[in-house]
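Report on the following structure.
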Amino acid sequence: MEGEIKNLSYVYSLVIASLCYCYFVSSKISPGKLRFISVFPIFCLFTILPYYLSSAFNTALLTFFITWLSNFKLLLFCFGHGPLSSHIHSFSFFISVACLPIRIKQSTTSTNTATKALPLNVSIQILGFAILVKVLCSYREGLHQKIIQCLYCFLCFLLIDILIALSSTLVRALVGVELEPASNEPYLSTSLQDFWGKRWNLTVTTTLRDTVYKPVRKAIERVIGKDLAPVTAVIAAFLVSGLMHELLFYNVTRVYPTWETTLFFVLHGICVVVEVWLKKWVQGRGWQLPLVVSTGLTVGFVVGTSLWLFFPPLIRNGADTRVLEEMTFFAKLIWSRLTNIFWSIYK
């Protein structure tokens, strides 16, 4: 445990030092190829940093936060785009946005103005997350494999919401800006386009839209036309998402990928394209599915394909068990420290 904490301190010291270099040195170079060249060593460093850690959970977080999101944000920064370029004057803002999975709230954004149907605050989410972890750790031997995987779906949703909510709280305290939520009730999605584009893990959605979808669409629009360019760009964004998830899973398991996860995202990308076409065709004839039916079909398809392709690579290699054990150990450690602090105060 002490060795892992030491490694974590070393890794995140490198991350902060690297981002300081980007802010104080690379930002002085005009956006373009020269800035990209100056940041290229940071891309390489952020890619190999997860291999300094042994904990599955810490490795997953570092890969998601730094290897994936930070590298993509820095790529936008190299060419004068993204949040790191628009607020280059603030050092605390630059560091916070670069290394945390957050989205800055835009004045034109309206996705969060509506009242949520099932409001869940962070405390309720943490409680639900703790209960699920306890159930999985204590009773998983008696549960069917499909039930375990369904519980993993809930865990993923709660974990991402909790992590980004805590990150948002930290950023608000440091730089005082309003941030977007991590998701927007994905369990109420009425279509795959709604699920991936407007409801689930919106930090990743925004990052992929800026780094993959928009550049690909612009680059090939003149070649294949304005009608086919968005289709190709959507598939490209889902493909990149799949490859980044493969890298994340590889860093956690250190097992050669089976490409099931990539297939999961490519399949969803194709289904989104087909769904958009079908909706136009159906709506042109005045047809529309009831919301209950469309929501059930959407959530059912996402959960079903997750059980088929997304979770098996992690379960097959025991990564899920390792993560649960590490989170349980960490929770016990935090509880023990808090209890000691409490008794020392009121002793």
(request) Check whether any side-chain N or O of R254 sits under 3.5 Å from a backbone N or O of N251 as a donor-acceptor pair, and report yes or no. (result) yes
(message) Strictly distance-based, threshold 3.5 Å: is any side-chain N or O of E221 a donor or acceptor partner for the main-chain N or O of A229?
(response) no
(request) Examine distances only and state if a side-chain atom of E326 and a backbone atom of S55 form a donor-acceptor pair shorter than 3.5 Å. (result) no
(request) Could you check T203, N201, L202 and say which one makes a side chain to side chain contact (heavy atoms under 4.5 Å, CB included) with P101? (result) T203
(request) Identify whether the distance between the nearest side-chain nitrogen and carboxylate oxygen of D194 and K279 falls below 4.0 Å. (result) no
(message) For F93, is there any backbone N or O sitting under 3.5 Å from a side-chain donor or acceptor partner on S96?
(response) no
(request) Would you please test F65 and Y12 for ring pair (Phe, Tyr, Trp, His ring centres under 6.0 Å) and show each step? (result) CA-CA 11 Å; F65 284 17; Y12 280 101; 8.2 Å; no
(request) Mark yes or no for whether R217, through its side chain, and P230, through its backbone, hold a donor-acceptor pair below 3.5 Å. (result) no
(request) Please work out whether the ring planes of F72 and W68 are parallel, tilted or perpendicular, with thresholds of 30° and 60°. (result) perpendicular
(message) Using a 3.5 Å distance criterion without hydrogens, assess whether the side chain of S241 forms a donor-acceptor pair with backbone atoms of F238.
(response) no
(request) Classify the side-chain pair S191/Q193 by whether it contains a donor and acceptor separated by less than 3.5 Å. (result) no
(request) Tell me, with the steps shown, if Y187 and F157 meet ring pair (Phe, Tyr, Trp, His ring centres under 6.0 Å). (result) CA-CA 10 Å; Y187 39 81; F157 161 67; 5.7 Å; yes
(request) Answer with yes or no whether the side chains of S306 and Q149 bring together a donor and an acceptor at under 3.5 Å. (result) no
